[in-house]
Each structure stands twice: as C-alpha cells, then as structure tokens.
Protein chains: 2
Amino acid sequence: MKLGELGEFALIDRLSRDLVHRPEEVVRGIGDDAAVLDFDGPRWLLFTTDMLVEGVHFSLDYASPVQVGIKAVAVNVSDIAAMGGWPAHGVVSLGLPPRLSVEEVEELYRGIRRAAKEYDLNIVGGDTVLSPERLVINVALLGFVEKGRAVYRSGARVGDLICVTGSLGKSAAGLYLCQHPEAGAGPGVAAYLKRAHLEPRAKLRSGRILSAAGVTAMDDVSDGLAAELREICRASGVGCRVRAADIPVDYRVREVAALAGRDPLDWAFSGGEDFELVFTIPPERVALVEERLAAAGEECRCIGEVIPAEKGMVLELPGGRCVPLEARGYDHFAP
Amino acid sequence: MKLGELGEFALIDRLSRDLVHRPEEVVRGIGDDAAVLDFDGPRWLLFTTDMLVEGVHFSLDYASPVQVGIKAVAVNVSDIAAMGGWPAHGVVSLGLPPRLSVEEVEELYRGIRRAAKEYDLNIVGGDTVLSPERLVINVALLGFVEKGRAVYRSGARVGDLICVTGSLGKSAAGLYLCQHPEAGAGPGVAAYLKRAHLEPRAKLRSGRILSAAGVTAMDDVSDGLAAELREICRASGVGCRVRAADIPVDYRVREVAALAGRDPLDWAFSGGEDFELVFTIPPERVALVEERLAAAGEECRCIGEVIPAEKGMVLELPGGRCVPLEARGYDHFAP
C-alpha cells in the first residue's frame, strides 16, 4: 500500500503500537503534542520533536535562513505551549546540502539562537550531517510543567466551550503572498502576513495562563483548526459544533483572500501553521480566562461548544444551517 | 565559504557559541556524546540526537528497513553508552519519501521497536513528514547516569592508558562487502561483517562497567578511532601514543582487507561505525576493568597511553618507528 493511500494519521496509528516497555515513568506517550514523563520531581518533563524539510515546510526562495531557524524552534516550543508547559533544553540536527555556504548555515543558527533566547531555552547538543539535496532541520525539545497540570487533547467534556487564541489564516495568507508576490496586496498587509508565515511565534505565555486556569483540552493550530478539532474530539470521545461567523479572521486575511479568490475560512480551517491555541473550557471559567489573557495582551474567542460524539463535528453557517465540519487539515501523504 | 572548505568540526565550533541562556541546569552542553542536565534528582539526565540520511548513512540497496530502524536507535544508544549511562526515552522523526510503501515503513518501525526493546527504552513520541527524495530518520534520546558519574571526553590525564573494547574495522569491512558482493569473501565471513555494519550494537553494558570502574575519558567509535582519539585529546588537552600492533582487528577484517587490497588499520582508524568504546584509565585500574568486562563477555585491549599535548598524536609502527597519527575520521563535508 502506498503512503498516500493510507494517510499520515492512520500511519501514525499503525506505527505507534508497543513502543513503551518501561511504563513507570511515562504519564503520556505518543498521541499528544508532547510526551509527559514523571521522574519523581515536583515537575513533569515534556519531550517533543519536529522535523522541517526544505521544499515541504519552508522554501529558501522566500524564507531567509534566519527565519528557517526561528521557525524550527518555534514549532517545537508551540508543542510545549499546547501542553501548558515551558521549554528548557533542545537539541538540533541539521542535514546540510553542500550548496549552502558556511555563512548561510551561520544565519540559520542565528535564527535558532534568537528563538532560543526569546523562549528562554538552551540548545545543549546536536548533530550535523550531509543531506545532498534538501536542508533538513530536526529539533527535539525538553520542557516542564507542574506535576498534574499538563493539558491533554483528551480532556474535553460535553458542554465545554471551544475557544481559540488570536486569529487564524494569517500563515496561509502569508504563504499565498510569498508564492504570489503579484497578488496586489498593500506592502503593509503583505509584510505583516508574510512575517506571520515566515517567523511564527509560539503562544507560550497563553499556554501557561490556560493551563493555570484549568482548561480541559488544548492543541496548537499547526495543521489547521479542523484537524486540531478532530484530534481533540477523537482523543476526548466527543463531538463539536463550531460557528463559522465566530472564527477569528484578521481583516488583512480577508483582504488577501478576496484578491486570491479564496474563502478565508478555508485558510482558517485548513491552512495550518498559525500556532494559535485551541482549547476547551467549562463555561463558568471563560470570563476568568478572557480576563487573564487580555491582561497579557492576548485575545481569545469562543467559537463553539463540545457536543456528544454521536452528533459528530458540525459547522454552523451564518443563517443557522449546519453542515459536517470536514477535517481537511494538512496531511503530508495525501494524494 | 563552502561547507567543504571549512569541514564539519570547525563548523560545529562556529555554530555552538552562545547557546546556553539558563546555565543552572546544564552540567555539559554541546561538545560531548550527550548533553548532561541536572534537575536536582539523584540522577543526571543525558540528552542526545542523531540524524541518518538515506544514501549518506545507509542505503536501502543493501540494508533492509528493519536494519535501518535498528541502526537509528543503536547510534543514539551508543552516545549514551559513551557517557556511562543508560537510555530511557526516545522520540523519532521520520522524513518519508512517497515511493516507500506502508509495509516498508512498518518494517522500519519494527527495527526501531526491536532495538528499543533490546536497550530497554521507550519510544514516547515523534513526527512523520514528507521527504521527497531520501528517507531521513532522526532519533533524540534521553538517558540517565548517576549524579557525578558521567564520563566525558575531557578527563584523560597524562600517564593514563588508552584502551578499546571489542575490535575495530568490522563495520568498514562489512560496508565494503555490501558494496562489492563480488569480492570473494566466504559466506560466513561476509554475513558476519555485513551484519556488523548493518545491525550495529551499542556497547551499553561495557559503558556502565567502565563508568563504575572510574575511567577518566570515553568516546564511542562512531567516526573511526583516529577521530575519537583526536576528540579526547582536544577536550582533555593531552596527546596520545598508540601502538599499531596492538589495535584489535578481527581476522575476518584482515581477510577482507587482503581481498580488497586495503590496509585493515585504515578501516580501524578511519572507517567508523564500529560503536566500540575507546577510553582512558589510570594504569592501576586496568586489571579491574579487564576482569569486569571479561565477566560480562566483553574484550578490551590497551592500545597506547596518554602523553603531554606538546608531543601530539603519535602512531608507533611495528618496529618502533613513530609517525603522526592523522585524524582522518569521517567528515561529512570533506571535499
């Protein structure tokens, strides 16, 4: 069977069996944004990894090496943020094509260093190898969270509200502008959206606030809102109803979508790489969360609610008609 | 400047500056087989990563996917072994070319699972992405060592003896036979050496014994004996004198080297991927180490001694003549 026929998520399901031989230290293994390990201290350890491949996750045609370095760290920090924790120590593997100059590799590391500093984490090791065609960057990251306070995908309960930080679709709109510089967006709009795509920021502070406020489930929006909602629904054994009219989409994203002849909601649901946090929370705690996020300069919007699993994943269109919310997130091996 | 002009090791030196912002938990950062982290428990945490790229570190022309999986885990465990520790938890990133079948990827994971079981470690997470041309595997591994008992490259002292476990050159001879099946080696010899190359084993038990016995410096022979000796000499600020006649080389390696018209010592010094352990130890402790290793079914040979840095790295040829020991280990970016 070809990888494309099975799909990324079914593949991971198949591979992830029988991988824990010593369960005593493993609070959570494969299946969340990061593994959770308990070494008997006051904190749990979080452990995650992400690989970026040139031409798949980034292009040096429009991303500078510094931006690629920033992104490689940010996507990993985002996984730690989605668990409610904070990052501490990372290791970086670089697969380097010989066509790169030493200066370009130093620029790449400048980006890694800058992001590491921003998120207050150490780079403590790595590996540097030859990769003949494509630049490949793998970061593995250790973080911490207070014992018992990790937020999983699996804690959503019927009646919880579904909320999202910031706004969605910016990264997809920025990618569109990178690929279509002729699209006609104003320079300010283009710079803002391209930066959102090329220099993503992990919502670390929001993740800490949300963990402390007792959200029930959380995920970072790396593969698009639809895919993350599906992950939460699947892990929690619930369904969801989401109101299209309440999805936060920046006016600049709407502007570029109009130029591109695209529905901005498609970018919000399927574009991915926004690295916002989507979470579920009992209704009585929403006001507290909104207040604390606002105090940190962060927005948050309630976009729907958790419903029983048998009702499925539903998108309520403006006007009230409900349609199935298709989980069309990014699949690496989709045909 | 091109990567090939600078070389892998100088590149790493350049990149590894200013990467630790929070030094309080970092016992050792970049520059040894694994980072050493102190989280205030009775054990130190070891953290390492290694990337394998198809066509660079392995070829699916002669390695089965199971063997590639075994190797990806073993090379990381070997780094933990070289610190004197034991592995505990790993995360695996796969960059998968679409030409691979689901069954091949499952075989790859079968190898990962088999090695994880052998070394008693958990796979707790990972990432699975598209890599258009080449299969890329990155493993990041956490391990432990008793507080204060990590063995670095930097502890060798003048007067210490230099010893190596097992024998060297088997992996290089095995690679030669994979690439030259017509070489004419007997089937038993070929199977033995090819397996040494394709299914390397980390010397975990030996590393534990050596750490407990108080060796002063240690490295795994991943890039060839010459490169590892250079690392130890550089980190410890010492030189070394090694006797060519005492380098342990298996008779099967000599046999294949004769067929290939190669000097078996070249394979021992520059071939790499033997994953034996090279270590330094005060002379009075050698007998104890030999005894304990023998009890575990492991051999060990003294091949030289640590000398002052100003005397350099010296190879004593049979007959007594001394020549500079060139550090010709594997360099990914060598022209």
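Each chain gets a letter, A, B and so on, in the order its sequence line appears, and its residues count up from 1. Computed from heavy atoms alone, side chains included, the values below leave out hydrogens, waters and symmetry copies.
Interatomic distance, CG of Leu15(B) versus CD1 of Ile123(A), reported as 11.5 Å (0.5 Å rounding). Atom CG in Asp50(B) sits 11.0 Å away from atom CG in Asn138(A) (nearest 0.5 Å). A distance of 12.5 Å separates OG of Ser93(A) from CD1 of Ile137(B), quoted to the nearest 0.5 Å.
Annotation for Val26(A) and His89(B): closest pair CG2-CE1, 3.8 Å, computed over non-hydrogen atoms. Across every non-hydrogen atom of Asn122(B) and His21(A), the tightest pair is OD1-N, 2.7 Å. The minimum heavy-atom distance between Tyr109(B) and Leu19(A), with the atom names listed, is CE2-CD1, 3.6 Å. Closest heavy-atom contact between Leu100(B) and Leu3(A): O-CG, 3.5 Å.
Other residues, nucleotides and ligands contribute more than 12 heavy atoms inside 6.0 Å of the CZ atom of Arg149(A). In this structure, Lys117(A) places its NZ atom where only 12 or fewer heavy-atom neighbours from other residues, nucleotides or ligands lie under 6.0 Å away.
Among the candidates Val53(B), Asp120(B), Val136(B), the residue making the largest number of heavy-atom pairs closer than 4.5 Å to chain A is Asp120(B). Top candidate by heavy-atom pairs under 4.5 Å with chain B, chosen from Val91(A), Val105(A), Leu45(A), is Val91(A). Taking Leu121(A), Leu52(A), Ile112(A), Leu108(A) one by one and counting their heavy-atom pairs under 4.5 Å with chain B, the maximum is reached by Leu121(A). Ranked by non-hydrogen atom pairs under 4.5 Å with chain A, the options Lys2(B), Glu104(B), Glu25(B) are led by Glu25(B). Here Ala88(B) is the residue among Ala88(B), Ala34(B), Gly90(B) with the most heavy-atom pairs under 4.5 Å with chain A. Contacts with chain B were tallied for Met51(A), Arg22(A), Met1(A); Arg22(A) has the most, counting heavy-atom pairs under 4.5 Å. Interface remark: of the candidates Arg110(B), Arg28(B), Arg134(B), Glu54(B), Arg134(B) forms the most heavy-atom pairs closer than 4.5 Å to chain A. Counting heavy-atom pairs closer than 4.5 Å to chain A, the top residue among Arg14(B), Glu106(B), Arg113(B), Arg43(B) is Arg113(B).
When the heavy atoms of residues 62-74 of chain B are compared with those of chain A, none of the residues falls under 4.5 Å.
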Might you work through the side chain to side chain contact (heavy atoms under 4.5 Å, CB included) test for Thr49(B) and Thr49(A), ending with a clear yes or no? CA-CA 11 Å; Thr49(B) 191; Thr49(A) 192; over 6 Å; no

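The side-chain heavy atoms of Val56(B) and Ser131(A), taken from C-beta on, include no pair separated by under 4.5 Å.
Of the two parts of Val124(A), the backbone and the side chain both hold a non-hydrogen atom closer than 4.5 Å to a non-hydrogen atom of chain B.
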